[in-house]
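Step one of this worksheet: look at the structure below.
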Amino acid sequence: MRFDSVLCGFIPEPRGRDGLALAMLLARRARGRLTVATVQPPSWSTPGPARAEAYAWRAYLKEQAEATLAQARSLAGDEAEYVVQAGRGSGRGLVELARRRGADVVVIGSAPGGARGRIGVGSTADQLLHSSTVPVLLAPRGYAQDPPPAFDRLTVAYRRGPGADAAVARAARAAVALDLPLRLVTMVVTHGFGGGGATGPGAAVGGGGRRAGAGQEMLARLREQAAADLRVAAMGQRRRCQVEVEVLEGRTIAQALRAASWLPGELIICASSETGPLRRVFLGDTSLKIVRAATRPVMILTRQP
């Protein structure tokens, strides 16, 4: 997995600057091309009951696009390319532009209203995360205010299965391309242990017997299985890059994520749901919980055959 072409969706708001800061960091590290896009409604789709004159509507759209891209240019400079894309919805417009331009990844900021340092999923992200044909990278709120000078490490949320194994292989190729170490983590969610438990990145497993001892025994087995699965997954990639593994534990996914150490330039990678369409991003319940709990940028990969 390479990042020769990085596409960033930009709006003249703090979340637009967050996504652009992350896209600039990625393009610089990968020595890739950066394209900054603003998505607007079709020029023929005149709004309101008065049906404004088409030429006035087009002039307004042009003025807004020029102002938006001028702000982006002041941040990213003249080396990036700046384009206007028409679309009924920002996410759909970025999906179409990524397909037409052959982008390797689409980068956007968090939806407004969320906590600083966290990722909110709004309508743009929702459209991308259920239909994009390329990976989608999300910046936490406030990322542009204090971005790291460089990426430090790639961390993959892992649960044994074809989709996760394919994600690890792609992440390992990305680690090589970006010259970064790779970490594989599996989350053991302990909610309900008295007992019962869970393994994988947040896949809850209920039950486990009426006695607390039976629950703790099951939890111990899940820990052992998670560690063994991680060792096997890492073994296949260590010829490519430096790989470390870690089992994270907590009553919830958010708590498990807080149990880990996170470098300033960490980037988290999740696989798409295995129930989604092939070669598209499709955010599953587990990955959504990771996205909402993460304090670092998160990339959702497309599902591969």
Side-chain angles (χ1 to χ4, degrees), residues 3-27 32-48 52 54-114 119-141 143-144 279-283 291 297-300 302:
F3 304 104
D4 296 326
S5 177
V6 178
L7 173 62
C8 177
F10 182 81
I11 58 175
E13 297 178 10
R15 52 179 166 155
R17 294 189 286 275
D18 292 337
L20 183 55
L22 179 56
M24 291 167 59
L25 188 63
L26 178 59
R33 304 183 309 276
L34 174 60
T35 300
V36 183
T38 179
V39 180
Q40 295 190 325
S43 60
W44 49 262
S45 179
T46 54
Y55 75 87
W57 177 237
R58 286 196 296 269
Y60 170 78
L61 291 179
K62 181 180 179 182
E63 179 183 343
Q64 292 297 305
E66 289 175 349
T68 295
L69 294 181
Q71 184 179 129
R73 190 183 296 272
S74 71
L75 298 169
D78 294 331
E79 292 186 3
E81 183 179 1
Y82 300 89
V83 300
V84 179
Q85 171 70 22
R88 290 185 174 277
S90 297
R92 295 187 185 94
L94 290 171
V95 169
E96 172 58 25
L97 186 60
R99 183 196 62 77
R100 187 156 49 83
R101 295 227 162 196
D104 297 309
V105 62
V106 177
V107 188
I108 61 169
S110 170
I119 298 171
V121 177
S123 59
T124 298
D126 188 66
Q127 291 167 12
L128 284 166
L129 293 172
H130 291 93
S131 61
S132 178
T133 56
V134 300
V136 177
L137 178 56
L138 306 169
R141 185 181 177 202
Y143 191 80
R279 297 184 177 86
R280 290 185 182 271
V281 170
F282 194 86
L283 190 68
V291 166
V298 180
M299 180 182 295
I300 309 297
T302 54

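The first residue in the sequence is number 1, and the count goes up from there. Since this is a predicted model, take the numbers as computed values, not measurements.
Partner of L128 under the side-chain contact (heavy atoms from CB on, under 4.5 Å) criterion, chosen from V121, L283, V136, L137: V136.
Looking at V134 and V106, their side chains come closer than 4.5 Å, going by heavy atoms from C-beta outward. Residues P41 and L61 meet the side-chain proximity criterion, which asks for heavy atoms closer than 4.5 Å. Side-chain contact between L138 and I108: present, with at least one pair of heavy atoms (C-beta onward) separated by less than 4.5 Å. Annotation: side chain of L69 is in contact with side chain of T38 (closest heavy-atom distance under 4.5 Å). You'll find the side chain of R73 reaches within 4.5 Å of the side chain of D78, heavy atoms only. Between Q127 and V95 the shortest side-chain heavy-atom distance does not fall below 4.5 Å. T124 places none of its side-chain heavy atoms less than 4.5 Å from the side chain of V39. Looking only at side-chain heavy atoms (C-beta outward), M24 and L34 come within less than 4.5 Å of each other.
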- request: Please report the C-alpha distance between Y143 and L25 in whole Å, then the side-chain angles of each, then the deciding distance to 0.1 Å, and finally whether the side chain to side chain contact (heavy atoms under 4.5 Å, CB included) criterion is met.
  value: CA-CA 11 Å; Y143 191 80; L25 188 63; 3.5 Å; yes
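Heavy atoms only, all atoms of each residue included: V281 and P135 are closest at CG2-CA, 4.1 Å. Contact between A65 and V84 at its shortest, heavy atoms only, is CB-CG2, 3.7 Å. Here the shortest heavy-atom pairing between I119 and P140 reads CG1-CA, 3.7 Å. Considering all non-hydrogen atoms of both residues, A72 and V36 come closest at CB-CG1, 3.8 Å. The nearest pair of heavy atoms linking G122 to A111 is N-CB, 3.4 Å. Heavy atoms only, all atoms of each residue included: F10 and R17 are closest at CE1-N, 3.9 Å.
Within the model, atoms OG1 of T133 and CZ of R279 stand 11.5 Å from one another, a figure rounded to the nearest 0.5 Å. Atom CD of E63 and atom OG1 of T68 lie 10.0 Å apart (nearest 0.5 Å). C8 contributes atom SG, which lies 10.0 Å from atom CG of D18 (distance to the nearest 0.5 angstrom).
Side chain of R15 to main chain of S110: no donor-acceptor pair is present (N/O by atom type, distance under 3.5 Å, no hydrogens or angles). Formation of a donor-acceptor pair under 3.5 Å by the S74 side chain with backbone atoms of Q71 is found in this model.
Within the structure, every pair that satisfies the salt bridge (charged side-chain N to carboxylate O under 4.0 Å, His left out) test and touches residues 99-112, not counting sequence neighbours, is listed here: E81-R101, E96-R99.
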